[in-house]
Amino acid sequence: MNQQQTFDFGWGEMLDKEKEVKAKEAVEKVVKKKKAAKPMTREEMLTKWKEILSNPKNSAKDQERLKETFEAWKAEEIFPQTPKLSKAEALRMYARLAEMRKGEKLRKMVEETPDNYHLIQNEEQLDWVCELWDEEQEAVGLDTETDGLDIVHGSNKMVGLSISFPTKDQHVYIPVRHDEGVQLSPEYVMQKLKRFIADKHKPKVLHNARFDAHVFSMEGVRLRGIKMDTMIAMWVLNENEASYRLKDLANKYAKFLGVKAENDTFDQLFGKNTPFNQVGLKYALVYAAKDTALTVKLANFIDQQLNRKELKKIRSLYYELENPLLDVCIDMEEAGFLLNHDKVDSIREELYKDKEELEAKLIAEFGDINFNSPQQLQEVLYDVKKYPDVSGKRSTDKQTLKKLAEQFKPVQLLLDYRKATKLLSSFIDKLPVLVKSTGRVYGQFVQNATATGRFASKEPNLQQLPPKARTIFKAPNGFVIIGSDFSQIEPRVLAHITGDEELRKPYKEGYDLYSTLAARTFKVPIEECGDGSKYRKMMKVGLLAVMYGTSMFTLANQLEITVEEAAKFIDDFYDAYPKVEEWIRSIHQQVKRDEYVETMFGRKRRFPNHKQYAEVYDELAAEICRRLGTKRLPSNIWDNEFKDVLPYDLKRRFQNVKGKVERVRRQAVNAIIQGSAADIMKRAMLNLSELAYKYADEGWKVLATVHDEALLEVPATITKEQTEEIEAAMTGAATLEVPLKVDVAFMREWGNETKKNEWFAAA
DNA sequence: CGGCTGGGCCAC
DNA sequence: AAACGTGGCCCAGCCG
């Protein structure tokens, strides 16, 4: 009773205070406005400037802009348009200043247009371009300009294209859909240029060719003969590049390309959201032709780098794997996934019903708050309901809520609500909006987005659909989606790479991996480690922990055992499979020495500056072990039992590098395993793509890859032999010391699997 | 209103 | 003092 009263009082008081503050703020606002109405004198403004500039809260970027604007103001280059001066107003001044200077830049650019840049506006000029292209022996630079990014059956179109001919050093821009100016029609231009663009023997270099390929596709021409995509090649060369935008690369490597490091992006020159069709032709020429000229230079630079003998493996990785894979990527993006509208409707109806019911119950239980707000949820759970803070961070994530739900039933409602709303907001309500006139959703597969070599997918990300969301995609009538996935690819790579014969055994002899591992590690009969047994379950988590470098703390948490038990578990595993630990340690040594690691197919992941930290780490770790008289680091150096043996300063210095070094070590080990698996998958994708071309007449398409799985769309009449060809395409991707295994499933709707033998039994 | 960050969560 | 690798994306909340 007493507590209740106190609580009510506190709450009410808080509300009153909030009101008071708001009222005060409102008054202040009015006062400020009145003040601002009077024009400021120059002295007043100077004072204000100093005040604004001395605000320590300004971001570095803002501060730079403010200073620049202040200088311009002092030089009377710009005047404030309103009589008041504030940080916001100063930043607006900066925008106007930038606008003014941008205009200057553009004017200057046009004035300095090189005389080997040509605007192509009539048939005669286009004939000249064709002549140039006929005579060209080198790879031309090619680029398209569009009025937006929605290009695969979307709303945006090619506005013009630029071509650089390196032999004669001539650069052209061909406008076709600009708002103003003399232009040839896109149909005419494409008709004339098709024989070059579609010719695989006419080499081209592009920056982000995937994009241009789609643009050309929508004009009815398939881009062939991509000799190099400088964006992807640059990524293979250096996966740590801060930006892969052409202008950023050109500026960064300017001196190697023999250009000035003054290449502005489109946004910087023309302003954000300016559609290219509104750009005047003479501006378009100098901007677009420069792009292809830069691309040619960048391509030459990259190829030179790839010729270095220490990059031999990288060279073949690019030219023999990544570059041909670009075509597969383009195919996948143009294939798309067919949406089943009826299925969307039924799932949506069901989920909305769930959501509403849950909402009603939640409001009754927790009050009318926004259950998607961690902030509001925190208050209700920990202040109002006074639930125990099991995470120690007032966390409201799934793991925490799960724990709370054991004790407090209504918390389960929150978990259910999250699940339903996540499914709705991210997938069921989102994907149908993206459907094009073809009835399909087209996601992107990005080749240069990961540090390990995997594909990434976006807009929408087709690699993160939960099982339920997958079912809204279907095969067209008479077709079936085939899911072909590598079984346990990463453990197999581990078995191959570590050279551990015991680890290879289950694969060679056809036993279940996890059961075998569990029996050996826990020293129990294999009969006790069958499917669903606790040993097998633990082993699955344990092996993942080994490959990801999970700490004993986290592993203990996951398995709901003590840290000591977790450490014993992993020790026992290493005892049973000593080569695994040996290999991991050798990788730690290697990454310390080389600052990079390599996958099976020579893909590199670099860790710049790791060496210096690793040296400190190893030194201090040795010192700690020496003082403790142990061989291995303790899991917690801060433990009280070491208080007298380990000086604080030693612990502090070690702590400084510990996180950094151990993170790199985990990443290095994982990059080899995950990256090798990615290499294998990419090689498989090439094989599958060839197969799809072989059966192109029947309508075969490669739809997607989800890391260890490939998806194809094929006629439902597919034969057993053809299915075996798919399997062979995958297993033939690499020869390992253990066999590769592939599981094939048949799906009328994605995710709804029929196994191979059932499928053919039914047919 | 758009950009950004943090918390959270989906996939492999 | 911090605890598992690779990604993309949603919402809330804040800022200018």
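Nothing here was measured: the structure is a model prediction, and the numbers come from that model. Each chain gets a letter, A, B and so on, in the order its sequence line appears, and its residues count up from 1. Side-chain atoms are counted along with the backbone in the values below, which use heavy atoms only and exclude waters and symmetry mates.
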Closer than 4.0 Å, any side-chain N/O of [X] to the OP1 or OP2 of [N]?
{"X": "A/Lys398", "N": "B/dC10", "answer": "yes"}
{"X": "A/Gln376", "N": "C/dG13", "answer": "yes"}
{"X": "A/Ser373", "N": "C/dG13", "answer": "yes"}
{"X": "A/Arg418", "N": "B/dG8", "answer": "no"}

Which nucleotide, [options], lies nearest any side-chain atom of [X]?
{"X": "A/Phe427", "options": "C/dG8, B/dC10, C/dT6", "value": "B/dC10"}
{"X": "A/Glu459", "options": "C/dG13, C/dC9, C/dG5", "value": "C/dC9"}
{"X": "A/Asn372", "options": "C/dC9, C/dC10, C/dC11", "value": "C/dC11"}
{"X": "A/Asn670", "options": "C/dC10, C/dG5, B/dC9", "value": "C/dG5"}

How is [X] classified with respect to the nucleic acid when contacts are heavy atoms under 4.0 Å: base, sugar-phosphate, or nothing?
{"X": "A/Lys458", "value": "sugar-phosphate"}
{"X": "A/Thr396", "value": "sugar-phosphate"}
{"X": "A/Arg666", "value": "sugar-phosphate"}
{"X": "A/Asn636", "value": "base"}
{"X": "A/Ser635", "value": "nothing"}
{"X": "A/Arg394", "value": "nothing"}
{"X": "A/Arg605", "value": "sugar-phosphate"}

Rounded distance in Å - [atom1] ([X]) to [atom2] ([N]):
{"X": "A/Leu465", "N": "C/dG7", "atom1": "CG", "atom2": "P", "value": "19 Å"}
{"X": "A/Lys393", "N": "C/dA3", "atom1": "NZ", "atom2": "C1'", "value": "9 Å"}
{"X": "A/Trp750", "N": "B/dC12", "atom1": "CH2", "atom2": "C1'", "value": "12 Å"}
{"X": "A/Leu711", "N": "B/dC12", "atom1": "CG", "atom2": "C1'", "value": "13 Å"}
{"X": "A/Glu709", "N": "C/dG7", "atom1": "CD", "atom2": "P", "value": "20 Å"}
{"X": "A/Asp416", "N": "B/dG8", "atom1": "CG", "atom2": "C1'", "value": "17 Å"}
{"X": "A/Ile489", "N": "C/dG5", "atom1": "CD1", "atom2": "C1'", "value": "16 Å"}
{"X": "A/Glu239", "N": "C/dT6", "atom1": "CD", "atom2": "P", "value": "12 Å"}

Is there a salt bridge (charged side-chain N to carboxylate O under 4.0 Å, His left out) between A/Lys468 and A/Glu350? Walk through the geometry before answering. CA-CA 12 Å; A/Lys468 195 162 201 159; A/Glu350 171 200 337; 2.7 Å; yes
When rounded to the nearest 0.5 angstrom, what distance separates CZ in A/Phe654 from OH in A/Tyr617? 4.0 Å
Look up atom NE2 in A/His496 and atom CD1 in A/Ile673, then write down how far apart they are to the nearest 0.5 Å. 12.5 Å
C/dA3 and B/dG7, which share atom name P, separated by this distance in whole Å: 14 Å
Regarding [X] and [Y], does a basic nitrogen lie under 4.0 Å from an acidic carboxylate oxygen?
{"X": "A/Glu239", "Y": "A/Arg606", "result": "yes"}
{"X": "A/Glu490", "Y": "A/Arg454", "result": "yes"}
{"X": "A/Asp708", "Y": "A/Arg492", "result": "no"}
{"X": "A/Glu581", "Y": "A/Arg585", "result": "yes"}

DNA chain C contacts among residues 638-658 of chain A, heavy-atom distance under 4.0 Å: A/Trp638, A/Gln655
Whether the side chain of A/Thr550 engages the backbone of A/Leu555 through a donor-acceptor N/O pair (distance < 3.5 Å, no angle test) should be reported. no
